[in-house]
Protein chains: 2
Amino acid sequence: MALQLKDSKEQIYRTTSQKQIILDYLKSVKSHPSAEKVYSVVKKKLPRISKATVYRNLKDFKKRGEAQTIISQGKSHFDADTSSHAHFICLDCNKIFDVFENACTNCSVIKNKKPKVGKIENYKINFYGHCKKCK
Amino acid sequence: MALQLKDSKEQIYRTTSQKQIILDYLKSVKSHPSAEKVYSVVKKKLPRISKATVYRNLKDFKKRGEAQTIISQGKSHFDADTSSHAHFICLDCNKIFDVFENACTNCSVIKNKKPKVGKIENYKINFYGHCKKCK
DNA sequence: TGATTTAATGGGAATAATTATTAATTAATA
DNA sequence: TATTAATTAATAATTATTCCCATTAAATCA
């Protein structure tokens with residue numbers, strides 16, 4: 001007998017050590033690492049892991065709502081903290097910081113989620129400036 | 001006699017037809033075109049223009065504050081309207097719309113420009129959702 | 001537990017956006 | 001108009017990311 005219906009559209013989600021180690025690492029840091037950085041760190045625990053596996057899983061985590069991305073320096077950076085918060089990107093050192101202070105949650109557009117052009121599902125706020133260390 | 005001091009750090013900014021036609025096009029639309037789109041349109045007026053020239057100038061416009069970018073679909077999209085406004089990106093058709101309605105300008109973080117992590121120079125707000133046409 | 005099914009991986013090639021290089025061109029100005 | 005350096009065209013190089021596919025290994029059940 002089939003393990004699952006042949007005509008089922010949804011795939012079974014399998015847990016693998018690769019997935020778990022990638023996600024564990026992401027959850028353990030607040031540095032917003034790039035895919036390349038995740039790869040180099042995870043490679044220490046799983047020396048045979050493929051770069052494609054890292055990219056594929058990071059993308060999947062995002063789709064599943066287990067991570068979000070911040071684009072900086074021409075590449076994606078990942079954040080496993082999906083709670084509502086903004087990001088601050090330093091124009092000098094390029095580090096990415098979390099901003100939990102009232103990130104516009106009281107603004108009418110965000111509250112209503114319906115600007116003239118459509119209906120908001122989610123949003124991103126990025127601040128650019130000089131971090132404490134750099135200035 | 002030298003046209004400018006040899007030890008001067010700053011370059012002279014020269015007006016070229018390429019620059020003007022690219023910027024004129026950008027200012028004439030509110031569609032937030034990608035570099036590739038700008039290239040294909042400008043190419044009609046300047047058939048011999050190089051893709052590198054388009055990319056170089058778009059980048060320069062941004063640096064000089066004559067344009068801003070919105071990253072979507074893995075590439076940069078350009079907007080010559082540098083007034084304070086947010087963007088709405090449709091998750092279905094991927095079109096980018098301007099949102100001029102109260103884009104969080106009253107939020108304390110943005111007003112004070114000083115979250116805990118540093119000093120804000122500028123910021124970007126992107127909304128993601130479904131536009132009028134798509135839903 | 002072993003067999004079966006198929007999702008996930010590894011490794012490398014492919015793709016796409018952007019940047020670098022450099023010889024030739026041209027805008028600004030004396 | 002001649003000079004000088006900024007800009008361009010053309011193309012090669014780079015970089016981040018995705019695709020491809022043979023192999024591996026979760027999940028399930030007999």
Side-chain angles (χ1 to χ4, degrees), chain A residues 1-23 25 32-64 66-67 69-78 94 96, chain B residues 1-23 32-40 42-64 66-67 69-78 94 96:
Chain A
M1 196 192 285
L3 291 175
Q4 63 175 145
L5 297 172
K6 297 283 188 189
D7 56 5
S8 170
K9 275 105 193 166
E10 52 187 316
Q11 288 199 153
I12 288 172
Y13 186 76
R14 289 188 183 169
T15 309
T16 65
S17 54
Q18 288 89 338
K19 286 178 185 173
Q20 288 187 314
I21 289 172
I22 293 170
L23 193 54
Y25 167 62
H32 313 85
S34 65
E36 198 67 33
K37 172 68 180 174
V38 173
Y39 172 67
S40 75
V41 170
V42 168
K43 207 174 162 62
K44 287 171 192 164
K45 284 200 172 179
L46 296 173
R48 291 184 49 72
I49 199 171
S50 161
K51 203 170 281 194
T53 299
V54 173
Y55 274 92
R56 192 174 344 98
N57 282 313
L58 288 171
K59 206 180 187 186
D60 286 349
F61 294 156
K62 186 182 178 182
K63 196 187 302 181
R64 306 173 108 259
E66 298 187 279
T69 53
I70 306 100
I71 295 172
S72 173
Q73 299 292 100
K75 54 190 175 244
S76 294
H77 294 254
F78 296 82
N94 296 311
I96 301 171
Chain B
M1 201 189 286
L3 292 176
Q4 63 177 145
L5 296 173
K6 297 283 189 188
D7 57 4
S8 170
K9 276 105 196 168
E10 52 187 316
Q11 287 200 155
I12 288 173
Y13 186 75
R14 288 188 182 168
T15 308
T16 66
S17 54
Q18 288 89 338
K19 285 178 186 173
Q20 287 186 315
I21 288 171
I22 294 169
L23 193 54
H32 313 84
S34 66
E36 198 66 33
K37 172 68 180 174
V38 173
Y39 172 67
S40 74
V42 168
K43 207 174 163 61
K44 288 171 192 162
K45 284 200 174 181
L46 296 174
R48 292 184 49 72
I49 198 169
S50 161
K51 202 171 282 193
T53 299
V54 173
Y55 273 93
R56 191 179 345 97
N57 282 313
L58 288 172
K59 204 180 187 188
D60 286 350
F61 294 154
K62 186 182 178 183
K63 196 186 304 181
R64 305 173 110 259
E66 299 187 279
T69 54
I70 307 98
I71 295 172
S72 174
Q73 299 292 99
K75 52 189 177 249
S76 294
H77 292 255
F78 296 83
N94 296 310
I96 301 170

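Throughout, protein chains are lettered first and strands after them, A, B, ... in sequence-line order, and every chain is numbered starting at 1. FYI, side chains are in, hydrogens and waters are out, and symmetry mates aren't considered; it's all heavy atoms of this structure.
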**Q** For Leu23(A), which residues count as a side chain to side chain contact (heavy atoms under 4.5 Å, CB included) partner, sequence neighbours excluded?
**A** Lys27(A), Phe61(A), Glu66(A)
**Q** Taking only the side-chain nitrogens and oxygens of Gln18(A), find out if one of them lies under 4.0 Å from OP1 or OP2 of dA25(D).
**A** no
**Q** For the residue pair Lys19(A) and Tyr13(A), would you count it as a cation-pi contact if the rule is NZ or CZ under 6.0 angstrom from the ring centre and within 45 degrees of the ring axis?
**A** yes
**Q** Given atom NZ of Lys63(B) and atom P of dT7(D), what is their separation to the nearest angstrom?
**A** 11 Å
**Q** If you check every side-chain atom of Ile49(A), which of dA8(C), dG10(C), dA9(D) has the closest atom?
**A** dG10(C)
**Q** Measuring only between side-chain heavy atoms, which start at C-beta, is Val38(A) closer than 4.5 Å to Asn57(A)?
**A** no
**Q** Nearest to the side chain of Arg14(A), which nucleotide is it out of dT18(D), dA6(D), dT6(C)?
**A** dT6(C)
**Q** Would you kindly compare Ala35(B) and Thr53(A) by the position of their nearest DNA chain C nucleotide and give the one closer to the 5′ end?
**A** Thr53(A)
**Q** Going by side-chain hydrogen bond (donor to acceptor under 3.5 Å, both in side chains), name the residues that satisfy it together with Glu36(A), two or more places apart in sequence or in a different chain.
**A** Lys51(A)
**Q** Please figure out whether Ser17(B) or Asn57(A) has its closest DNA chain C nucleotide nearer the 5' end.
**A** Asn57(A)
**Q** Within the structure shown, what part of the strands sits under 4.0 Å from Ser34(B) by heavy-atom distance: base, sugar-phosphate, or nothing?
**A** nothing
**Q** Output a table of nitrogen or oxygen pairs between the protein and nucleotides 11-16 of chain D separated by less than 3.5 Å.
**A**
from, atom 1, to, atom 2, distance (Å)
dA16(D), OP1, Lys75(A), NZ, 3.4

**Q** Mind calculating the distance between CG (Asp60(A)) and C1' (dT9(C)) to the nearest angstrom?
**A** 12 Å
**Q** Please give, in whole Å, the distance from dT9(C) P to Gln20(A) CD?
**A** 11 Å
**Q** If an axis is fit to five pairs at each end of the helix from dT1(C)-dA30(D) to dA30(C)-dT1(D), what is the angle between the two, to the nearest 10°?
**A** 30°
**Q** Rounded to whole angstrom units, what separation is found between the CD1 atom of Ile21(B) and the P atom of dA9(D)?
**A** 11 Å
**Q** Nearest-nucleotide wise, let me know which of Pro47(B) and Tyr13(B) is further upstream toward the 5' end of DNA chain D.
**A** Tyr13(B)
**Q** With sequence neighbours left out, write down each residue that passes salt bridge (charged side-chain N to carboxylate O under 4.0 Å, His left out) with Arg48(A), or none if nothing qualifies.
**A** none
**Q** Can you measure Arg64(A) atom CZ to dA8(C) atom C1' for me and round it to whole angstrom units?
**A** 13 Å
**Q** Could you please name the option among dA28(C), dA27(D), dT9(C) that lies closest to any side-chain atom of Thr15(B)?
**A** dA28(C)
**Q** Give, for atom CD1 of Ile71(B) and atom OG of Ser34(B), the distance between the pair rounded to the nearest 0.5 Å.
**A** 13.0 Å
**Q** Rounded to whole angstroms, how far apart are CG on Leu58(A) and C1' on dT17(D)?
**A** 11 Å
**Q** With respect to the phosphate group of dT9(C), does any side-chain polar atom (N or O) of Thr16(A) fall under 4.0 Å of OP1 or OP2?
**A** yes
**Q** Looking at every strand, decide which applies to Arg48(A) at a 4.0 Å heavy-atom threshold: base, sugar-phosphate, or nothing.
**A** sugar-phosphate
**Q** Just jot down the side-chain hydrogen bond (donor to acceptor under 3.5 Å, both in side chains) partners of Tyr39(B), sequence neighbours excluded, or say none.
**A** Lys43(B)
**Q** Has Lys19(B) got a side-chain N or O lying under 4.0 Å from the OP1 or OP2 atom of dT7(D)?
**A** yes
**Q** Between dT9(C) atom P and Ile12(A) atom CD1, what is the distance in whole Å?
**A** 15 Å
**Q** Among all residues two or more places apart in sequence or in another chain, which pass the side chain to side chain contact (heavy atoms under 4.5 Å, CB included) test with Ser50(B)?
**A** Ala52(B), Thr53(B)
**Q** Who passes side-chain hydrogen bond (donor to acceptor under 3.5 Å, both in side chains) against Thr69(B), sequence neighbours left out?
**A** Lys62(B), Lys124(B)
**Q** Roughly, in whole Å, what's the span from CG in Leu46(A) to P in dT9(C)?
**A** 10 Å
**Q** By side chain to side chain contact (heavy atoms under 4.5 Å, CB included), which residues pair with Lys59(A), not counting sequence neighbours?
**A** none
